[in-house]
Amino acid sequence: MSTTTSSATAMEEDNPLSSAQVRYELRVAAIAEGPGPEETRPFGLRAAQTVPMPVRPPRGYCPIEQVAVDTDGRPLIETMGKEWKTKSSSDGDEGPEENYGWEEEADE
Amino acid sequence: MTVLILAQDADAPTDHLVAELTRRGVAVFRTDTSWFPRQLVLDAQLGPDGRWCGSLSTEHRSVRLSEIRSIWYRDPTAFTFAAGLTDVERAYAHREARLGFGGVLAALRGVTWANMPNRAADAMYKPLQLATAAACGLRVPPTLVTNSAAAVRRFAEVSDTGGVVQKSFGPNTVTEGGRTKVAYTRHLDDTALADLRGIDATATQLQGWVDKTSEARLVVVGDELFTIRITASSAASRVDWRADFDALSYEWIDTPAEVAHGVRAYMKALGLAYAALDFGIDRHDQFWFYESNGGGQYGWLEAQTGAPITLALADLLQGDRR
């Protein structure tokens, strides 16, 4: 059995300035308890694979420098150099991308 | 003149861009749409000359609308409203913010957008991308869009490129049972083609397999093109490189002239100033267009190859290149 819950603000969560998306709901986020029946599950989801959930370490934002900072107020682009590595799903409409940010993968 | 950046608070590539613009002495006003209306104040009045004038302000800084030279629209998040609003009030507030706040920004004259949100939204349609790419002279794999199992079988039977793949049109990440799942591009073998349940559940995209030796992400910043070859060394990443990042290697390469010509025509046709385009590269070094993303990531490619994408973005937004 699966229960799907649409977010009340899902449509507005992406591309918030686009007038086009007032007319076309392209990116509606939802969660479910599990997959539905094979007979009705969209073919494109049949082989979906579980991936690690990203975890973001504590951080803040400096409104003066206009960059993210660590808990000591130091810019993360200085303290974390090029070693930051994550696979986020912020790449528009494409699923996880490797990118440099401040997320880490959680243990399964 | 000021560069307006609309991005999330925690976004490493944007931090690098802010640092570069600041180093150049370029004024930056960074905010996220989630700051509106509670932390970001819009005061815009239509002048007799038909221009919107006024300001955007936070507790810490302010920018006059007339000073905004360019806008970097980098995946900002939803407007955030007071907790006490009902669902009806919240929906109304979202519409008003989108059309009012967004409308004022869209009406600013002489501003370079990367990208204008409405152009980016139009360009999300993969069938439009494929048709536009083909019309601009780029090679595009045979593609089928259907909810018919018979059409899928027909398409697969006549495919002469080594099979077919299925890929999503839009976000391929879902949350089920508390877990994040990704529907990667999938090579359909005989077993998969024998069980096509769910094809009729919605629109499905199939493409002819490109017998590729590597892939490329081509990042476009105004007139600048950065082509990064991505070579996969595992079975999963050869089908979809996102499936196994540890098996990838990267190389910044020259953009073939015919590809550059087609890509520039593509960007012009869709009204985009920034995009990340994905290609397959076959054994004859021919580029096959897969898709483009108006908000595509580039930070990890820049770090892996040294391609100066942040500098090009700063140039574009500063106004040195259009």
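Chain A is the first sequence line, chain B the second, and so forth, proteins listed ahead of strands; every chain is numbered from 1.
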Against chain A, label [X] side chain, backbone, both or neither, depending on which of its atoms sit under 4.5 Å from a heavy atom there.
X      : value
B:V28  : both
B:A7   : neither
B:L196 : both
B:L188 : side chain

Selection from B:G102, B:A203, B:A201, B:G103 maximising heavy-atom pairs under 4.5 Å formed with chain A: B:A201
Spacing of CZ belonging to B:R197 relative to CD belonging to A:E39, to within rounding of 0.5 Å: 5.0 Å
Value rounded to 0.5 Å, distance of CD in A:Q66 from OG1 in B:T58: 8.0 Å
So do [Y] and [X] actually touch side chain to side chain, heavy atoms under 4.5 Å?
X     : Y      : answer
A:P35 : B:K181 : yes
A:Q49 : B:V182 : no
A:F43 : B:R186 : yes

Under 3.5 Å: donor-acceptor pair, side chain of B:D15, backbone of A:A68: yes
Charged N-O contact under 4.0 Å between A:R46 and B:D195: yes
Presence of salt bridge, B:R30 and A:E65, under 4.0 angstrom: no
Shortest non-hydrogen separation from B:R61 to A:I64 and the atoms involved: NH2-O, 2.7 Å
Closest non-hydrogen atom pair, A:L45 against B:A183: CD2-CB, 4.2 Å
